[in-house]
Amino acid sequence: MQKLNLLVSLVVALCLHISALGAPEIEDFFERSQVYTPKLSPSGNHVAFLSPVKGKEYCLKIYETKTGETSEYRAEENQGIFRFYWLDDEWILFLVYPRLGRYNTRGYTTTGTYAININDPEKVAVLNVNSNASFVDRLPSDSNQFWMSVNYWKRAGGGQYKHFNELIKYDLTKSSPNKGTTATTFALLGAPVKTIKSPINKLASYWVTDLDSKPRITILFDQKSSEYTYNLYDDENERWKEISLDPLNWTILGFSDKSKILVNGWFDKEYVSLYEFDLAKNEFTQLIYKEDGVDVRVSPRYRYRNGNYELLGYRCEGKAVHNVWMDDNLKAYQGALEATFPGLNPRIVSFSNDLDKFIVLTSNPQSPPEYYLCDVKKSKISLFSKSHPNLKKESLSQVFNFKFKTDDGLKLEAFLTKPKTPLSEKPPLVVLIHGGPHVRDNWDFNSTVQFLASRGYSVLQVNYRGSYGYGEQIYEDYGYRFDLMMDDIKKAIDLVVKQGIADPKKIALMGGSFGAYSSVYLAASYPEAFRCIVATAGIYDFEKELKELRKGTFRGKRFSGEYKILSERLGDLENDLDYVRKVSPINIAHQIKCPTLVVHGIDDSVVSFKQSKELIEVLKSADVVLDYYFKFAEGHGFFEEENIVEYYEKVEAFLSKYLPTHS
């Protein structure tokens with residue numbers, strides 16, 4: 001018997017050694033793709049895309065399709081390029097963000113808007129250098145002009161600052177009035193030629209232009225009442241008229257003709273679908289697109305033609321991301337792509353104005369994204385970029401989805417990934433809980449899931465109530481029932497255990513933001529059920545969160561609307577304090593018994609680092625086995641590649657110690 005046990009131990013050790021040799025490196029899963037958001041120029045002769053510089057900030061690269069040559073544009077030191085837009089075949093506009101600061105998260109604030117002429121790089125347009133701006137639209141009738149929405153703060157006396165928003169039309173042919181930029185040796189262009197100011201005490205955002213590129217619709221935020229409304233703007237009379245659509249329920253996507261708009265939303269507990277709304281009649285005219293059993297997020301796809309926009313079809317995110325085309329040629333191209341890339345969900349993500357050239361994206365849960373260049377006239381398709389070039393399909397694991405019912409009758413969805421080469425009949429299970437909570441895990445490639453599976457873990461992802469994508473009742477009615485969300489996750493865990501898929505003694509919890517909240521809450525509620533947890537940047541004390549939002553002591557007045565929503569839907573401090581405390585895991589965290597890894601970016605401007613510090617103090621007093629990983633100059637989630645890799649090295653070591661795959 002002793003020899004048999006020794007033989008078994010040797011076999012297990014050999015399997016572990018072979019698995020370790022064959023498993024991809026952490027960098028293979030989490031290296032930054034060298035091509036991010038590629039876009040064809042209007043003629044299709046160039047491809048612009050973002051590319052990381054040493055795994056940190058992004059630069060802008062321009063690839064010439066005829067010669068294969070690539071040029072590069074970088075922002076100033078400690079800055080990166082955030083988004084970019086082709087204005088015509090010569091000019092490209094890009095937004096710059098700063099290196100992370102204490103009150104800034106990448107993606108939330110821009111500090112500069114620039115444009116470069118790719119044929120004459122000494123022509124540089126410096127549009128603004130101190131404001132948070134977003135691109136709204138270009139003017140197809142005049143490619144030198146375009147609209148930008150600009151937010152800024154201005155001193156209002158008494159040491160106070162007031163928030164302003166303006167919609168500005170810029171002209172690249174005008175001389176730039178900007179000073180103080182390092183680009184003083186260049187020909188500075190790009191001056192404002194028209195400005196639309198928001199009404200008094202209101203801020204305009206999310207501008208929608210019509211098919212002639214005229215600003216027509218915006219969301220106005222009332223700084224006194226903290227309410228959002230859609231408003232129709234009359235440029236000739238400078239008047240605003242409220243539209244009878246609630247911005248919390250409906251998203252205005254664009255125009256289908258002069259008086260009709262495309263809107264995404266739901267009616268009476270139905271699923272989110274695409275509708276047409278007549279502004280003149282103030283009524284819905286038709287249902288354009290829906291999918292059975294799921295919400296569909298839609299983005300219209302336009303092209304510039306004869307001086308205005310032409311609607312070609314839609315990008316739809318329902319059961320999977322796919323294109324729905326109205327144009328007959330695009331329908332035919334889509335069919336040909338699906339025959340060429342079976343099972344890889346090919347979709348056109350960018351096209352030239354003449355529809356002769358495309359960029360195609362392929363991906364599925366077991367296949368990392370890849371980009372291809374298509375030339376219709378030449379009947380040619382060629383690989384442009386792989387997001388994870390060192391990952392081989394044979395080393396990645398298959399993902400399954402399943403439905404389950406809650407105790408109160410809701411039908412929810414979850415995903416299960418089993419390791420490609422399991423070391424035991426029932427591999428250890430990591431429950432990877434998404435954040436939000438009002439987002440969802442979807443049917444797409446997930447680096448974290450595949451990384452965990454490559455290390456021998458099964459992975460469970462649960463779209464609990466409040467997750468987006470399953471109708472208004474699940475999303476809206478239960479959107480702040482955090483206690484019931486925890487029941488949903490536990491229900492799914494119990495189900496995979498009952499089915500014999502998971503060992504009840506080998507389960508870990510892991511998540512970021514609301515996923516971290518859920519991990520801590522469940523570990524405290526079921527102290528004997530889990531072997532360890534990994535919690536990243538979570539809110540654990542909603543009483544403290546509400547107090548800080550109300551005072552503006554953490555994120556300031558720009559988040560005043562969030563306090564109103566959270567206090568109304570979760571509960572306010574005066575009337576619902578018992579429930580707020582009930583759903584705050586900090587109050588039961590002392591019941592946790594399993595080892596805990598706490599992670600946070602110290603400069604997080606979404607969830608205060610104080611939340612993790614408070615949790616650590618409670619866990620220390622409860623003698624919980626504790627580890628933590630904190631990073632300066634990182635925010636709500638990690639941005640720099642070296643920090644991401646270091647984080648997953650920490651996770652791998654932590655799981656290997658407290659949830660080994662061979663035990």
Side-chain angles (χ1 to χ4, degrees), residues 23-39 47-63 70-84 92 94-101 104-110 321 349-350 359 361-373 383-393 395-396 432 435 442 444-452 454-455 512-513 536-537 599 601 603-604 629 631-652:
E25 299 293 330
I26 292 178
E27 290 85 349
D28 297 338
F29 292 97
F30 300 105
E31 64 180 327
R32 305 284 281 281
S33 175
Q34 295 303 301
V35 173
Y36 182 62
T37 61
K39 299 177 185 178
V47 180
F49 57 92
L50 298 180
S51 188
V53 180
K54 297 180 180 180
K56 298 180 184 292
E57 279 72 32
Y58 284 103
C59 69
L60 177 67
K61 291 187 177 182
I62 311 292
Y63 171 82
T70 301
S71 54
E72 179 181 301
Y73 303 93
R74 295 191 184 188
E76 297 179 22
E77 187 177 358
N78 292 329
Q79 292 186 335
I81 295 176
F82 173 43
R83 287 179 181 157
F84 65 92
I92 189 164
F94 58 87
L95 308 180
V96 169
Y97 59 77
R99 191 174 181 84
L100 189 65
N104 174 44
T105 297
R106 290 181 176 90
Y108 283 90
T109 301
T110 56
V321 179
V349 296
S350 183
I359 298 176
L361 171 65
T362 66
S363 179
N364 68 25
Q366 201 174 347
S367 301
E370 295 181 355
Y371 289 106
Y372 292 83
L373 290 180
L383 178 66
F384 185 62
S385 173
K386 291 185 175 184
S387 63
H388 297 75
N390 296 321
L391 290 182
K392 309 302 180 185
K393 185 175 181 180
S395 68
L396 300 176
L432 185 63
N442 55 28
D444 211 343
F445 182 80
N446 186 307
S447 294
T448 302
V449 169
Q450 292 294 341
F451 161 70
L452 291 170
S454 75
R455 269 47 183 175
S513 195
T536 302
V599 182
D603 294 316
D604 191 341
Y629 177 67
K631 271 291 179 182
F632 283 105
E634 288 287 9
H636 198 58
F638 292 168
F639 180 85
E640 294 188 1
E641 185 177 314
E642 61 184 272
N643 294 337
I644 295 172
V645 171
E646 188 178 14
Y647 161 71
Y648 280 102
E649 289 174 344
K650 191 83 172 177
V651 169
E652 182 176 21

Problem - Heavy-atom pair with the smallest gap, counting every atom of Ser513 and Gly435 - result: CB-CA, 4.5 Å
Problem - Candidate pair Asn390 and Glu25, rule side chain to side chain contact (heavy atoms under 4.5 Å, CB included), full reasoning - result: CA-CA 9 Å; Asn390 296 321; Glu25 299 293 330; over 6 Å; no
Exercise for the section: Would you check, one step at a time, whether the test side chain to side chain contact (heavy atoms under 4.5 Å, CB included) holds for Phe638 with Val599? Expected result: CA-CA 10 Å; Phe638 292 168; Val599 182; 3.7 Å; yes
Exercise for the section: Flag the pair Lys631 and Glu646 as a salt bridge only when some basic side-chain nitrogen lies within less than 4.0 angstrom of an acidic carboxylate oxygen. Expected result: yes
Problem - Interatomic spacing from OG in Ser454 to CD in Glu652 - rounded to 0.5 Å - result: 7.5 Å
Practice task
Determine yes or no for a side-chain-to-main-chain donor-acceptor pair under 3.5 angstrom, with Glu370 supplying the side chain and Thr362 the backbone.
Solution key: no
Problem - Ser387 side chain vs Pro368 backbone, donor-acceptor pair below 3.5 Å - result: no
Problem - Enclosure of Tyr36 OH (heavy-atom neighbours >12, cutoff 6.0 Å) - result: no
Practice task
Using a 4.5 Å cut-off on heavy atoms from C-beta on, say whether the side chain of Tyr647 contacts that of Val651.
Solution key: yes
Fill in the blank from the handout: By salt bridge (Lys or Arg N to Asp or Glu O under 4.0 Å), Lys39 pairs with (sequence neighbours left out) none
Handout entry: Heavy-atom check, side chain of Ile62 versus side chain of Thr70, under 4.5 Å
Key = no
Practice task
Give, for atom NE2 of His636 and atom OG1 of Thr536, the distance between the pair rounded to the nearest 0.5 Å.
Solution key: 9.5 Å
Handout entry: Contacts of type salt bridge (Lys or Arg N to Asp or Glu O under 4.0 Å), residue Lys392, not counting sequence neighbours
Key = none
Practice task
Evaluate the ring planes of Phe30 and Tyr648, with Trp represented by its six-membered ring, and classify them as parallel (under 30°), tilted (30 to 60°) or perpendicular (over 60°).
Solution key: parallel
Handout entry: Expected output: side-chain Ser51 to main-chain Cys59 donor-acceptor under 3.5 Å
Key = no
Problem - Distance (rounded to the nearest 0.5 Å) between Ile81 CD1 and Leu95 CG - result: 9.5 Å
Exercise for the section: Would you confirm whether Glu634, through its side chain, and Phe639, through its main-chain N or O, come within 3.5 Å as a donor-acceptor pair? Expected result: yes
Completion exercise
Interatomic distance, CG@Leu452 vs CG@Leu432, rounded to 0.5 Å, equals 6.5 Å
Exercise for the section: Quick one: closest heavy-atom pair of Asn364 and Ser367, and the distance? Expected result: OD1-N, 2.8 Å
Fill in the blank from the handout: Residues Gln366 and Leu396: closest non-hydrogen pair is NE2-O, 3.0 Å
Exercise for the section: Mind listing the closest non-hydrogen atom pair of Arg455 and Pro24 along with its distance? Expected result: NH1-O, 2.7 Å
Practice task
Measure the spacing between CZ of Phe82 and CG of Leu50 and express it to the nearest 0.5 Å.
Solution key: 9.5 Å
Handout entry: Spacing of CD1 belonging to Ile359 relative to OG1 belonging to Thr37, to within rounding of 0.5 Å
Key = 9.5 Å
Problem - Check: Tyr58 and Phe94 side chains under 4.5 Å, non-hydrogen atoms - result: no
Fill in the blank from the handout: For residues 26-36, the salt bridge (Lys or Arg N to Asp or Glu O under 4.0 Å) pairs (sequence neighbours left out) are none
Exercise for the section: Using modelled atom types only, decide if a donor and an acceptor are shared between the side chain of Asp603 and the backbone of Ala633 within a distance under 3.5 Å. Expected result: yes
Exercise for the section: Could you tell me which non-hydrogen atom of Phe29 sits nearest to which non-hydrogen atom of Ser447, and how far apart they are? Expected result: O-OG, 3.1 Å
Handout entry: Identified ring-ring contact (aromatic ring centres under 6.0 Å, His included) counterpart of Phe49 within the set Phe384, Phe84, Tyr63
Key = Phe384
